[in-house]
Colleague: 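Here's a structure for you.
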Amino acid sequence: MSDHATKPESAASTPSHRYTADLASGFEKHWRTQWESDGIYRVGNPGDPGFDDSLPKFYCLDMFPYPSGAGLHVGHPVGYIGSDILSRFHRMRGYNVLHPMGWDAFGLPAEQYAITTGIHPAETTRAAIETYRGQLDAIGFSYDWSRELATIDPDYYRWTQWIWLQAWNSWFDDTCDKAKPLSELIESLSNGQREVEGRPWSDLNDEEQQAYLDDKRLAYLSEQVVNWCPKLGTALANEEVIDGRSERGGYPVVRKPLKQWMFRITAYADRLLADLDKVNWPESTRTMQAEWIGRSEGADIDFQCEHGDPIRVFTTRPDTIFGVTFMVLAPEHPLVQALITSPSPSTDVEALKQYVETASSRADVERMADQEDKTGVALGLSAINPATGETIPIWVADYVLMSYGHGAIMAVPGHDERDAAFATRFDLDIRTVVRSSNGPAGEGCLTGDGLVINSSGDDLSLDDCTSEEAREAVIEWIEKKRIGDRQVRYRLRDWLFSRQRYWGEPFPIVHDEHGRTWPISEEHLPVELPPLDDFVPVESEDPQPLLAKAEAWLNTTAGEAGVDPALLPPDTPVTRETNTMPGWAGSCWYHLRYCSPNCDTRFVDEKAEAYWLGDGVDLYIGGAEHAVLHLLYARFWNKMLHDLGHVSSEEPFRRLFHQGLLTSWAFQRSDGSLVPVDEVEEKDGDQYVETATGASVKRTIAKMSKSLRNVINPDEVIETWGADTLRLYEMYMGPLESSKPWNPRDIIGVFRFLQRLWRLVIDEETGSVIMADEPDETIERALHRTIHKVESDIERLSFNTAIAALIEFVNVATSTGRMTTDQIGRLVRTLAPMAPFVAEEIWHRIGNESSIALTQWPEFDETMLVDDTMEMPIQIKGKVRSKITVPSDASETHLQETALADPRIVELIGEAPVRKVIVVPGKIINIITG
RNA sequence: GCCACCGUAGCUCAGUGGUAGAGCAGACCCUUGGUAAGGGUGAGGUCACGGGUUCAAGUCCCGUCGGUGGCUCCA
């Protein structure tokens, strides 16, 4: 059999059955085809014929890729190889394994490309998917391709739109902390169980009712200041803005008021935070999400103002209230706006007006650039510190943000660095009211907790309290005086969900001429993207979504668009929503769709979902760069769908693992600039010079990127070495989670390992199997140890050590003798999850008919893990001085006697008295002398 | 500035309180003889540094230095 593998070698000297790249690629191609036609990686669902739902399940998910035109580089498959090993391992252990793959295919790059080339994003994306699929297949992944999906498929985004409508039709009930259908709210309003600010529902007119409901929805329309990126022609979510620049592309982002679709993710802040304790995720990722959600405990406090209403602030440090020497309002604060229109006599209106205008027009980049250099203007008004009764000035400054708390702060320059910088800049009072509990009343700004001092007033005294006690006392005091109360605040903002681009899911909603919104009914989904051939964003003061260009599609009627006639007469003229959903939409729920990718009656088949996702995805592997974006959004959608009864588990991804970044060598000139890899030559072993100039360059490690020309294509690696070598090398490089550099010179190491393994069992001259009739004892023991080691290493995703164990075994077996076919079978089954092609080939050569992927994982015998005799080191005072060979089960007494009788030990101890002998059976003997 | 992780052979990395390990590179020997060949044998270590705990520390604790990642006007 396997004559596909006996391709003659070009070099006459090479034995014709040696493991070479040619030989490997021959049988790799053969098995790929065979696996595909036998459908061995296909898995059914509960209820399907032959599907045994009493077996345990393993849902092993990869973060699906965005198929870019450039194709895969060797960094992409790192995580995929890891998850494939786990999937294959679990299949052999008797699990039903769901291991799917798909495409995150909406998004900016394809559209940016369309702008320059005019080629429709659908076309480039489909082509990219084909490339990716071919590249992934060559690596030998065990995906169930019958479950393949792409977020751009109308059959897929139909349900993305359906989920969005669920959110649009829901509200968050604070009293039980979960989402409910809006119909329940309407019912409790109409039957009088609930009122609107003291008014019965029936007293509200139609418009008021609508406005009230719209304000409750989980997906709602809101006019707000957004992160507008002129270069990308779209607004971005907070999570997509880094240091005032767009996450993709790094373009400047400015603040602009726009009417946008939002998600009420803040309603879930406490649950998203609390449930981080329920998942098996990397600590760092949980910390990042927790910090992003940013829970702060504190209090709201009202400060009486000279004129008008009191100013409400939020503070986490009520214990420092005696140290409040001024207040600061955000430039967008209503009081500031009011003062500009009707100024008080002491207000410098011109200065104020100018400051507010400058602040609002400044991009966030600038605002953040000068954190040290505080700016601000005095309002000419004052407030009263409720603790001291003193009059304190009110200022306006852009370091206070309207979007957090109440857009106003009580400034405590003695104990807050930002307030301190502001006070110093404008020469305002600084008062120390906390001292360090162990040190002297300190110089500088103590921002932590301590002991409260200088804090006594008429009806409140905090002196000598700890900060903790003082906080409680102040909260109690303000609550009693009814000037404030305890509060918890989150840093998390609602999620801006509209984009002004073309290549995304359209919203299933239309607007009537009165500005009211109407949903498309379920049976008319999906709202398909209209065709468009011009993708250049419209340049205008008021940003125009691209879909506005599709005029024929844009202006339609309620009936045409699919609005329920019971809601709106079919001939009502309506305009469609022109925003599209962001790239994150499709990835929020793809893990659900994989359970039943072709279900056309529901977004996911109920029984399939309950089986595969009853307790969430078992293992989710993907990059750490999604820690607060995709992973937070997907958790939010999952919770929402869970509340509405559509999804079983509270959390989507039970266990999460981040693979490390694959880096590559890069070369640097003496001035620090980078040189492409292909313009560098090696000299004298460890020196590198730039080919063109001969100047010496320094080797560094950098991300793989086109501009450095240090990108390695997996196709080329497979061509040169075979897919098994690529898989093994990527796993052998180091721990899966660490970032590590691709070093072409190391690949040959794992290739040689496969070659030695092959030579161990296949005669290189004849191609026949090298067999022993009787098992060799040493090999048998080593094999049991190897199976044990590989098994426990795979379970903890430590593939590099598992491979090292296999290398050791092959080295031992090679120098010991031959193996029986039974031993060879167990060896290749142990190898199969990591190097499936060569394992399959040998498996068949030793006479098996069915695929190795469908066999059982080999067993090991505990008693075979230890040898009969072992070498034990003897220490004298903690230093190894000698070694003895003893039976493995020797008693402590026997060990002690043998050790003390060892000639070298006798000599070293000499006359010194032995004070103590520590015997750790199986490990070590330590002799303590006087 | 804060948080997390890391520092072991020239490189990339294992190492579970108990003998310091692997692959690659480099050295030597054997085999082979035409462009990434095979086998074998040496060599290579202040486990970043300084303290502590322990019979025993690469491993646990504290500190310092260096690196990586993340967060950062969030009151």
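All of these numbers come straight from a predicted model, not from anything done at the bench. Throughout, a chain's letter reflects where its sequence line sits, starting with A, and its residues are numbered from 1.
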Colleague: Can you tell which of A/Phe799, A/Trp742, A/Phe753, A/Phe751 makes a ring pair (Phe, Tyr, Trp, His ring centres under 6.0 Å) with A/Tyr729?
Modeller: A/Trp742
Colleague: Starting at the 5' end of RNA chain B and moving along, which residue's nearest nucleotide shows up first, A/Met733 or A/Glu283?
Modeller: A/Glu283
Colleague: Mind checking salt bridge (charged side-chain N to carboxylate O under 4.0 Å, His left out) for A/Asp746 and listing every partner two or more places apart, or none if nothing turns up?
Modeller: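 Here no residue qualifies.
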Colleague: Over all strands shown, is A/Gln755 touching base, sugar-phosphate only, or nothing at heavy-atom distances under 4.0 angstrom?
Modeller: sugar-phosphate
Colleague: Indicate, with a heavy-atom threshold strictly under 4.0 Å, whether A/Arg759 touches base, sugar-phosphate, or nothing.
Modeller: sugar-phosphate
Colleague: Please classify the nucleic acid contact of A/Trp742 as base, sugar-phosphate, or nothing, using heavy-atom distances under 4.0 Å.
Modeller: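 A/Trp742: no heavy atom of the nucleic acid under 4.0 Å.
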Colleague: Does any N or O in the side chain of A/His415 come within less than 3.5 Å of the main-chain N or O of A/Val434, such that one atom is a donor and the other an acceptor?
Modeller: yes
Colleague: Using the salt bridge (charged side-chain N to carboxylate O under 4.0 Å, His left out) criterion, which residues pair with A/Arg818? Sequence neighbours excluded.
Modeller: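 Checked A/Arg818 against salt bridge (charged side-chain N to carboxylate O under 4.0 Å, His left out); zero matches.
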Colleague: Does B/C13 have OP1 or OP2 sitting under 4.0 Å from an N or O in the side chain of A/Ser738?
Modeller: no
Colleague: Ignoring the backbone of A/Ile928, work out which of B/C71, B/C55, B/U12 is nearest its side chain.
Modeller: B/C55
Colleague: Distance check, P atoms only: B/U19 and B/C24, in whole angstrom units.
Modeller: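 To the nearest whole Å, 25 Å.
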Colleague: In terms of base orientation, is B/G58 syn or anti, with the syn window spanning 90° either side of 0?
Modeller: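 Glycosidic conformation of B/G58: anti.
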Colleague: Distance check, P atoms only: B/G23 and B/C62, in whole angstrom units.
Modeller: 36 Å
Colleague: If we take the C1' atom in both B/U72 and B/C13, what is their distance in whole Å?
Modeller: 34 Å
Colleague: Please figure out whether A/Asp793 or A/Thr720 has its closest RNA chain B nucleotide nearer the 5' end.
Modeller: A/Asp793
Colleague: Between B/C73, B/A75, B/G15, spot the one nearest the side chain of A/Arg796, thanks.
Modeller: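 For A/Arg796, the side-chain atoms sit closest to B/G15.
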Colleague: Kindly indicate whether a cation-pi arrangement holds for A/Lys374 with A/Tyr399, taking the cut-offs as under 6.0 Å to the six-membered ring centre and within 45° of the axis.
Modeller: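 Because its charged atom sits under 6.0 Å from the ring centre and within 45° of the axis, A/Lys374 does stack over A/Tyr399.
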Colleague: Once each nucleotide of nucleotides 18-31 of chain B is scored for protein heavy atoms under 4.0 Å, what B/S/- sequence comes out, 5' to 3'?
Modeller: BB--SBSS------
Colleague: Using atom P in both nucleotides, what's the gap between B/A22 and B/A43 to the nearest angstrom?
Modeller: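 After rounding to an integer number of Å, I get 12 Å for this pair.
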Colleague: Would you mind telling me which of B/A37, B/C71, B/A75 lies closest to the side-chain atoms of A/Arg18?
Modeller: B/A37
Colleague: List the residues meeting side-chain hydrogen bond (donor to acceptor under 3.5 Å, both in side chains) with A/Asp902, not counting sequence neighbours, and say none if there are none.
Modeller: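 Partners of A/Asp902 by the side-chain hydrogen bond (donor to acceptor under 3.5 Å, both in side chains) criterion, ordered by chain and then number, come out as A/Ser882.
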Colleague: Rounded to whole angstrom units, what separation is found between the CG atom of A/Leu23 and the C1' atom of B/A37?
Modeller: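 For the pair A/Leu23 CG and B/A37 C1', the rounded distance is 16 Å.
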Colleague: Under 3.5 Å, is there a donor-acceptor pair between the side chain of A/Ser792 and the main chain of A/His788?
Modeller: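 Side chain of A/Ser792 to backbone of A/His788, a donor-acceptor pair under 3.5 Å: yes, one is there.
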Colleague: What does the 5'-to-3' dot-bracket notation of RNA chain B look like when only Watson-Crick and G-U wobble pairs under 3.5 Å count, and pairs to other strands show as |?
Modeller: (((((((..((((....[..))))..((((.......))))......(((((..]....))))))))))))....
Colleague: Distance check, C1' atoms only: B/U12 and B/G51, in whole angstrom units.
Modeller: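 The answer is 32 Å between these two C1' atoms.
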Colleague: To the side chain of A/Trp721, which of B/A36, B/A75, B/U72 is closest?
Modeller: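 Side chain of A/Trp721 sits closest to B/A36.
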Colleague: Rounded to whole angstrom units, what separation is found between the CD atom of A/Glu737 and the P atom of B/C6?
Modeller: 10 Å
Colleague: Rounded off to whole Å, could you give me the CD-to-C1' distance for the A/Glu291 and B/G69 pair?
Modeller: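 Between C1' of B/G69 and CD of A/Glu291: 12 Å.
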Colleague: Can you tell me the distance, in whole Å, between the CZ atom of A/Arg471 and the C1' atom of B/A75?
Modeller: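 Between C1' of B/A75 and CZ of A/Arg471: 13 Å.
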Colleague: Taking the same atom, P, in B/G63 and in B/A27, what whole-Å distance lies between them?
Modeller: 46 Å
Colleague: A/Asp419: which residues meet the salt bridge (charged side-chain N to carboxylate O under 4.0 Å, His left out) condition with it, sequence neighbours left out?
Modeller: none
Colleague: Before accepting this row, confirm whether a basic side-chain N of the pair A/Glu297/A/Arg295 lies closer than 4.0 Å to the acidic partner's carboxylate O.
Modeller: yes
Colleague: Checking only heavy atoms, does the side chain of A/Lys740 share a donor-acceptor pair with the base of B/C13 at less than 3.5 Å?
Modeller: no
Colleague: Around atom CD of A/Glu795, are there more than 12 heavy atoms from other residues, nucleotides or ligands closer than 6.0 Å?
Modeller: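 Enclosed: over 12 neighbouring heavy atoms sit under 6.0 Å from CD of A/Glu795.
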Colleague: Considering only atom C1', compute the distance from B/C2 to B/G58 and round it to an integer number of Å.
Modeller: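 Looking at atom C1' only, B/C2 and B/G58 are 29 Å apart.
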Colleague: Can you tell me how far C1' of B/A75 sits from CE of A/Met410, to the nearest Å?
Modeller: 9 Å
Colleague: Sticking with atom C1', work out how far B/U31 lies from B/U68, rounded to a whole angstrom.
Modeller: 46 Å
Colleague: Would you say the side chains of A/Ser403 and A/Arg493 form a donor-acceptor pair under 3.5 Å?
Modeller: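 Yes, A/Arg493 and A/Ser403 have a side-chain donor paired with an acceptor closer than 3.5 Å.
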Colleague: Could you state the atom-to-atom distance from CZ of A/Phe751 to C1' of B/G38 in whole Å?
Modeller: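 My rounded result for the distance is 12 Å.
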Colleague: Just checking A/Ser403: base, sugar-phosphate only, or nothing, at a heavy-atom cut-off of under 4.0 Å?
Modeller: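 If one applies the 4.0 Å heavy-atom cut-off, A/Ser403 turns out to touch nothing in the nucleic acid.
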Colleague: Please confirm whether A/Arg18 makes a cation-pi placement over A/Trp758, using NZ or CZ under 6.0 Å from the six-membered ring centre and within 45° of the ring normal.
Modeller: no
Colleague: For A/Tyr19 and B/A37, what is the distance between atoms OH and C1' respectively, to the nearest whole Å?
Modeller: 16 Å
Colleague: Rounded to the Å, how far apart are A/Leu632 CG and B/G70 P?
Modeller: 18 Å
